[in-house]
Amino acid sequence: MNGPFNSGKPVVPEPSPQSAGASPRARKPKEPLPFGKTKQAREAEKVLNHIVDDFDDNPKAMDYFYDLFRRVYCRGETIAPDGPLIGTTCIQAPEELIYAMGATPVRLCNGSYHYDQIGAEFMPSKSCSLVKATLGMLTSDDPVPRVGKLDLVVNPTTCDQKKKASAMMQDMGHAVFDLELPNVKESEASRVYWQRSVRSFAEEIRKVTGKKLTRKNLKAALARTQRAEKAFRVLDGFRKASPSIFLGKDAFLVVNAYFFDNLDNWCEAVERLNDELKIRYDNAVRAAQKKAPRIVFTGSPPIFPNLKLPLLIERAGGVVVSDETCSANRMLYDMTAVDEWLVNDMVDSLADKYLKPCTCPIFTKNDDRRRRLLELVKKFEADGIVYQAFAGCQVYEMEQRSVAKTLDENGIPMLYVETDYSPDDEGQLSTRIEAFLESIKTRKRMRQ
Amino acid sequence: MRSERSAKGDRSGGMNEANEATAMSGMSFGRGPTVKTLALRMGAEPLGAKDETLTDSSVQILANDGARSSAPLVNMGDASRAKIEIQNYGFYNAAVTRKAVHGRFLDVQIAQAELLKGAMAHGGHSDHDPKLFKPTMDDKAPFELIREHGPDEKLWTTIRSGEKASFLVRSYGAPVAGARVTFVSQEGWRKVVETDANGRAEFTLIRDYFPDWADFNRRHSGVFLVWAKKETPEAGVYGGQDYAATRYQASLSGRYYPSPADYESYGYGVGIVVFVTAFAGLSIWLFRQRRRKCFKEIVFNEKLA
Amino acid sequence: MKSSLDGMAPNWRQRLTLPRGMRDAINGVDFNRFRFWLQIFFFVLLVYGGFTGLNLGNNLPTFSCGYNQNGRPGVCYLLPLQHQLAMPTKALLGYASLTILSGLFIFFLWFIVLNKGWCGFVCPLGTVQDWITDLRVKMGARFTRYSQASFETLSWIKYVLLALMIVIPLGIGAGYFSHDLGAPYCMICPARLIIPTLALNFDQLVLDFSSPGKIVMTTLGAITTGLFLAGSFVKKRFWCFFCPMSAFHYLLSKPAFFRLIKDGDKCTRCGDCYTVCDLQIKEIADDVKNPQIMMDDCIVCLKCVAACPEQGALKATFAGRTVFESTEEGFIKRMEKGTRA
C-alpha cells in the first residue's frame with residue numbers, strides 16, 4: 001500500500017519528516033484544489049477501495065457505509081447536523097445529553113495520516129498519531145469529515161496528550177469545554193466527582209443550545225442511543241459465529257461511521273446489515289476460511305482511514321472477531337440502566353455508564369481491561385490477540401507488559417505492534433502478522 | 001402461660017350480705033394440664049375478704065366440652081383450697097355449693113369461679129377457634145352467675161376499668177329475671193341492679209385505682225366481686241329441716257386492669273411521629289437546598305496552639 | 001478453558017434458531033412489574049391474611065408484625081424470640097432452651113427457602129417502603145445516597161440492634177432490666193406502628209406513660225416511625241439498612257437455597273447493577289472474585305439481575321438451579337420500556 005502519500009518528491013531519505021514537512025508547504029499556496037484531488041481524499045479513497053474491492057462477498061448492506069465514507073471522505077460531502085454541532089475528543093462525553101438538548105455530537109478523533117502530519121507541528125515528535133491527526137484536522141480549513149463550524153469542543157481529560165491538546169484547540173479558535181474525568185474509577189469519590197462533572201457538562205450544553213434538560217428529551221435521547229447500542233450488540237453477536245460471517249474491517253467501518261453519521265440513519269443501516277447477517281448466518285455463508293485464526297484486537301483505536309492493522313490481519317487470512325478499542329466495542333457496547341427515569345437519576349446513570357465500564361488505559365488500574373480481554377477471547381472463541389499501540393501513546397505502551405503477562409498466564413498468544421499512521425511499516429508488519437497467524441494455526445493443529 | 005385467678009362466694013347468714021373468696025392458680029407452659037388452685041374466702045368486699053373453711057365439700061367442675069368432674073376442698077388451717085387440673089384450652093366452670101336451713105328458708109350459696117387454660121399470647125393453634133372463647137354454662141345448675149364474654153374476647157383478653165361487664169343469671173339453663181345482682185369493685189364501690197328479662201345485669205367497671213404516677217403499675221389488677229340473689233318458693237326438706245322457700249345466692253369474682261386510656265396517649269404518639277417526620281423532612285430538604293450552593297471552603301482553626 | 005469454549009457455539013446457535021422458549025420468557029420478563037404484584041400479594045397475605053383464619057405460626061422470618069393481632073397470619077420471629085429470651089435465666093438454661101431452639105429451627109426452615117428474598121419480595125414493611133419510593137418518583141423528587149463513609153458506618157447499626165435485641169431481653173430475664181423494656185426491638189420497629197395501622201388497628205400509635213421504661217420505648221418507637229416515613233421518602237429501602245432481621249438473616253444465609261450468584265468473568269463492571277441497587281451495595285458491581293455476591297445489606301430483590309446487560313453475569317438460583325438470570329435481550333427489553341414510558 002505504497003500510494004498517494006509518498007508520491008511527493010523524495011528529497012529526504014527518512015520518509016516521515018519529509019512528509020511532515022511537505023504538508024505545511026502544500027497548504028501555503030491555498031489554491032482551491034478539487035476535493036477529490038486533495039491528499040486526504042486520495043488517502044481515504046485508496047483505503048476504501050482496498051476495503052471494498054480486495055475482499056470477496058462483502059455484505060450488500062455494507063454498501064451504505066462504503067457509500068457514506070466515499071461521500072464524506074472522498075467527495076467532501078457534509079452530514080447536516082440537527083442544531084448546534086458539538087465535537088467530542090473521547091468516548092467519555094455523554095452524547096445522550098448532547099442529543100437531549102437538541103445538539104448533535106461528532107467525534108473528532110481522526111485517523112488520517114495527512115492530518116497526522118499537519119498536527120505534528122503541535123506536538124513533540126514522539127506523540128500519538130491520533131491526537132496529532134485530530135489537531136491537524138481541527139486546524140485545517142477544509143477538514144474531513146466535514147464537521148463545519150463546531151459550536152463547542154468537549155475534551156474529556158483523559159490522557160496527557162489530549163489534556164494538553166485542549167489549550168491548543170482553544171488557540172485555534174474553538175470553544176473548548178474540559179470535561180473532568182477522574183484518574184481512578186474504582187472509588188466512590190471518583191464516581192461522585194464524575195457525576196458532578198457530567199452535570200456541569202450538561203449545564204455547558206444548555207448554554208450552547210439554550211434548551212433545558214427535561215425528562216422527556218433525555219428519555220428520547222436515551223431511546224435513540226439505546227437503539228444504536230442494541231443494533232451494535234446484535235451485530236456484535238453475529239461476530240461470535242464460527243466460521244466468521246462478517247469481517248472486522250467492516251465492523252470497524254460501521255462503528256467509525258457512528259462518529260459522524262446521522263444517528264437514525266446509522267441505526268437503520270446497521271439494522272439492515274443485521275438482517276442480512278441473519279440470513280448469512282442461517283445459510284452458513286462464510287466470510288473467512290473455516291480455520292482462519294480468530295483475533296481480538298486491542299489497544300490504540302483504528303480509525304478510518306487508518307485501518308492498517310485490521311486490514312493486514314484480514315488480508316493475511318485472519319479474522320478480527322472482536323475488539324477492545326475506543327473506536328468500536330468500548331464506544332457502543334455498554335448500555336445504560338436507569339432505575340427511576342427521573343432527570344437526576346438518568347444523568348447519574350449515564351455518568352456511571354461512561355465511567356465505570358471504561359477500560360481506557362488512562363486509569364490507574366487495568367484489571368477490567370485484562371478481564372475484558374479474557375472474556376472476549378472466551379466469548380468469541382478467539383485464538384489470539386493483536387495489541388496495537390501508537391508510537392507515543394504512552395498509556396497503551398505502558399500497559400502492554402501487564403496485559404501480556406495476563407494473557408500469557410491464560411495461554412493466549414499476543415502480538416504487540418507499535419506503529420503509527422504512516423504506511424511505511426506495512427511491509428514489515430505484514431511479515432510479523434503472517435508469522436503470528438501461522439503460529440496460531442500451528443498451535444491449533446497441534447492441539448487437535 | 002397465663003395465671004388465672006378466680007373467686008368463690010360464700011354466705012353465712014346474718015348481716016353479711018356476701019362473702020368472697022379468691023384463689024391463685026399455678027403456672028404452666030404449653031401442652032399438658034394446667035393446674036389451678038382455688039381458695040375459698042369470704043367477705044363483703046374484695047379487700048376485706050377472709051379465708052374461709054368448709055368441710056366435706058368438693059368443687060364441681062364443668063369443662064367446656066361438657067365433662068363434669070370434682071376436686072376435694074382441702075382444709076389447711078383456716079383456709080380451704082382445691083387443686084384443679086385443666087386439660088384442654090378454654091374456660092371451665094367451677095362451683096362450690098353450701099346449703100343450710102335458716103328458719104323457713106333454705107339458703108343455697110354457690111361460690112363460682114371461671115377457670116381458664118389459655119394459650120401462648122402469640123399464635124397457637126387455639127387462636128382461631130371461637131368455640132373456646134365462650135364461657136361454660138351449666139344447664140343443670142339450679143342457679144348460676146356467668147360473666148358474658150365480649151365479641152372480641154379470646155383466650156387472653158383482659159378486662160379493663162372503664163369497660164362494661166355484663167353478667168347472666170340462669171336457672172337450669174333459663175334466664176332469671178328480677179334477680180338482684182350486686183357488683184363491688186376492689187375499693188368497695190358497689191352497685192345493685194336487677195336482671196332484665198334476659199337474665200342480664202350490666203355494670204361499668206369504674207376506675208378505682210389512683211396511685212401516684214411513680215407507683216402506677218400497668219399490670220395492677222383489681223378484684224371485683226359480683227353476686228346474684230333470688231328467692232324462690234321452692235319448699236322441701238334439707239338435713240331433716242323443713243323449709244318453705246329457697247334463697248339462692250351465686251357469687252363470682254374476677255380481675256380487671258387499668259384502662260389503657262389512663263396511661264396511653266394517641267396525641268403524643270401520633271404527635272411525635274408527625275413532628276419527627278416533618279422535622280426530618282425539613283432537614284433533608286434544607287440539606288438538599290444547601291448542596292446546591294457552592295461547596296464550603298476549608299477553614300483552618302487559628303486558635304490552635 | 002477449552003471446555004468452556006466448547007460450550008459456547010451450540011449455545012449461541014440455539015439462541016438464534018430456537019423460538020424463544022420458556023427460559024427466555026422468564027429472563028425477559030418486565031421484572032419490576034412482576035415484583036410489584038408479587039409484593040402486593042405477600043403484603044395482603046401478611047397484613048390481612050389473619051382475617052381469613054390463616055395461621056403460619058410464630059416463627060416467620062419477615063415482618064408479619066405480631067402487634068397486628070387480627071390481621072397477621074403468623075408472627076415475625078423477632079417478637080417471640082425476644083419474649084423467650086426474657087424468661088428467667090434459670091428457665092432459659094432449662095426447659096425453655098428447647099422452646100427457643102425449636103423456634104429457631106422452624107424460623108431457619110422458613111428462612112432458607114427464600115434466603116433474604118424474604119426482604120425483597122415478602123416483607124410488608126419493605127413493600128411499604130417501595131410504595132413510598134413510588135410515590136416520590138411520581139412526585140418527581142430525586143433520591144438520596146449515603147456517602148461511602150456514611151454507608152460503612154451506618155452499616156453497623158443493624159448488628160448493634162441485633163445485639164441489643166438479644167442482650168436486653170437476657171438482661172430482663174436475669175433481673176437487671178425492667179420488663180417494661182420487653183421486646184425492645186419491636187418497640188422501636190416502625191412496623192409495630194405502621195403494619196397494624198394498615199390493618200386499621202391503631203392501638204400502637206400511643207405513647208405509653210405508665211412507666212419510665214414504657215415512655216422511653218414508645219417515644220423511640222414514634223421517633224423511628226417518623227424517621228422511617230421521612231427517610232424512606234428520600235432513601236430507597238431506608239429501614240432495611242438498619243433492620244436486625246436483615247443482619248440475622250445474613251448470619252444464617254450460608255445454607256440457603258435461594259441465592260444470588262455472580263460470574264465475575266462476564267462482568268464488565270459497568271455499574272448498572274449498582275446504579276439500580278436500593279441498598280447502594282457497591283460490591284455487586286465491583287467484586288468480580290466472589291460468586292456468592294449477596295452482601296449483608298442485600299435484600300435479594302433481584303433488581304440488579306434485571307438491570308445487568310451481560311448474559312449470565314448475575315443470576316438467582318434455587319438449590320443450584322438457575323431461576324432467573326441476566327440476559328442481553330431481557331435487559332434491552334426492560335430498558336426500552338423505560339425510555340418509551
Side-chain angles (χ1 to χ4, degrees), chain A residues 185-189 191-192 215 218-227 229-230 233-234 237-238 240-242 278 281-282 333-346 348-349 351-353 355-359 367-368 371-372 374-375 377-382 410-412 447, chain C residues 1-2 4-6 8-9 11-13 15-17 32 133-134 136-137 140-143 145-149 151 236 263-278 280 282 285-286 288 303-304 306-311 313 328-329 331-332 334-336 338-341:
Chain A
K185 65 166 187 163
E186 284 83 5
S187 76
E188 186 66 12
R191 178 187 182 225
V192 173
R215 211 181 299 175
L218 186 51
K219 257 192 201 180
L222 272 162
R224 292 179 75 193
T225 54
Q226 202 172 53
R227 184 181 168 199
E229 286 156 356
K230 182 183 173 184
R233 280 208 175 212
V234 174
F238 284 114
K240 284 188 222 164
S242 178
K278 173 83 171 72
Y281 182 85
D282 292 341
Y333 182 77
D334 295 302
M335 299 189 75
T336 318
V338 181
D339 189 28
E340 290 185 351
W341 303 102
L342 301 176
V343 180
N344 280 286
D345 195 26
M346 281 189 271
D348 285 351
S349 301
D352 278 357
K353 180 192 83 167
L355 177 73
K356 291 191 71 84
C358 187
T359 47
D367 313 25
D368 285 347
R371 287 191 316 107
R372 181 93 181 117
L374 293 178
E375 177 61 16
V377 167
K378 203 164 141 186
K379 200 161 144 189
F380 290 87
E381 300 176 65
N410 288 276
I412 301 163
R447 265 192 207 154
Chain C
M1 204 179 109
K2 189 63 196 152
S4 61
L5 284 181
D6 290 342
M8 289 299 297
N11 191 16
W12 167 240
R13 212 152 278 151
R15 272 176 51 211
L16 268 184
T17 51
N32 286 346
T133 296
D134 290 346
R136 171 178 56 73
V137 173
R142 69 192 192 278
F143 61 80
R145 284 193 307 241
Y146 297 128
S147 70
Q148 191 67 19
F151 179 93
K236 294 185 269 186
D263 184 344
D265 290 346
K266 292 175 178 162
C267 175
T268 64
R269 292 219 269 202
C270 68
D272 282 357
C273 46
Y274 179 39
T275 302
V276 303
C277 179
D278 288 352
Q280 246 187 290
K282 200 162 184 285
D286 285 3
V288 289
K303 273 170 80 178
C304 51
C308 174
E310 302 307 318
Q311 196 78 33
E328 200 171 282
E329 294 83 357
F331 173 87
I332 291 173
R334 289 184 275 267
M335 290 306 148
E336 277 179 340
T339 49
R340 271 192 228 116

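By convention in this document, chain letters (A, B, ...) are assigned in the order of the sequence lines, proteins followed by strands, and residues within each chain are numbered from 1.
- When atom types are taken as modelled, the side chain of Arg269(C) and the backbone of Glu186(A) share no donor-acceptor pair closer than 3.5 angstrom.
- In this structure, chain A has no heavy atom under 4.5 Å from any part of Arg340(C).
- For the set Arg233(A), Lys353(A), Glu375(A), Lys219(A), the entry with the most heavy-atom pairs within less than 4.5 Å of chain C is Arg233(A).
- Using a 4.5 Å cut-off between heavy atoms, Asp278(C) touches chain A through its side chain atoms alone.
- When heavy atoms are compared at a cutoff of 4.5 Å, Asp286(C) approaches chain A solely by way of its side chain, counted from C-beta outward.
- Annotation for Ala337(A) and Val276(C): closest pair CB-CG1, 4.4 Å, computed over non-hydrogen atoms.
- Under 4.0 Å is where a charged nitrogen must lie from a carboxylate oxygen, and between Lys236(C) and Asp339(A) at least one such pair does.
- For the options Met335(A), Glu340(A), Arg215(A), heavy-atom pairs under 4.5 Å to chain C are most numerous at Glu340(A).
- Minimum interatomic distance between Glu310(C) and Lys379(A) (heavy atoms only, all atoms of both residues): OE1-NZ, 4.1 Å.
- For Phe151(C), no part lies under 4.5 angstrom from a heavy atom of chain A.
- With a 4.5 Å cut-off on non-hydrogen atoms, Thr133(C) touches chain A through its side chain but not through its backbone.
- With a 4.5 angstrom heavy-atom cutoff, Lys282(C) touches chain A only via side-chain atoms.
- For a residue to count as touching a neighbouring chain, one of its non-hydrogen atoms must lie under 4.5 Å from one of that chain's; by this rule Ala141(C) touches chain A with the backbone only.
- When each of Leu222(A), Leu374(A), Asp368(A) is scored by its heavy-atom pairs under 4.5 Å with chain C, the top score falls to Asp368(A).
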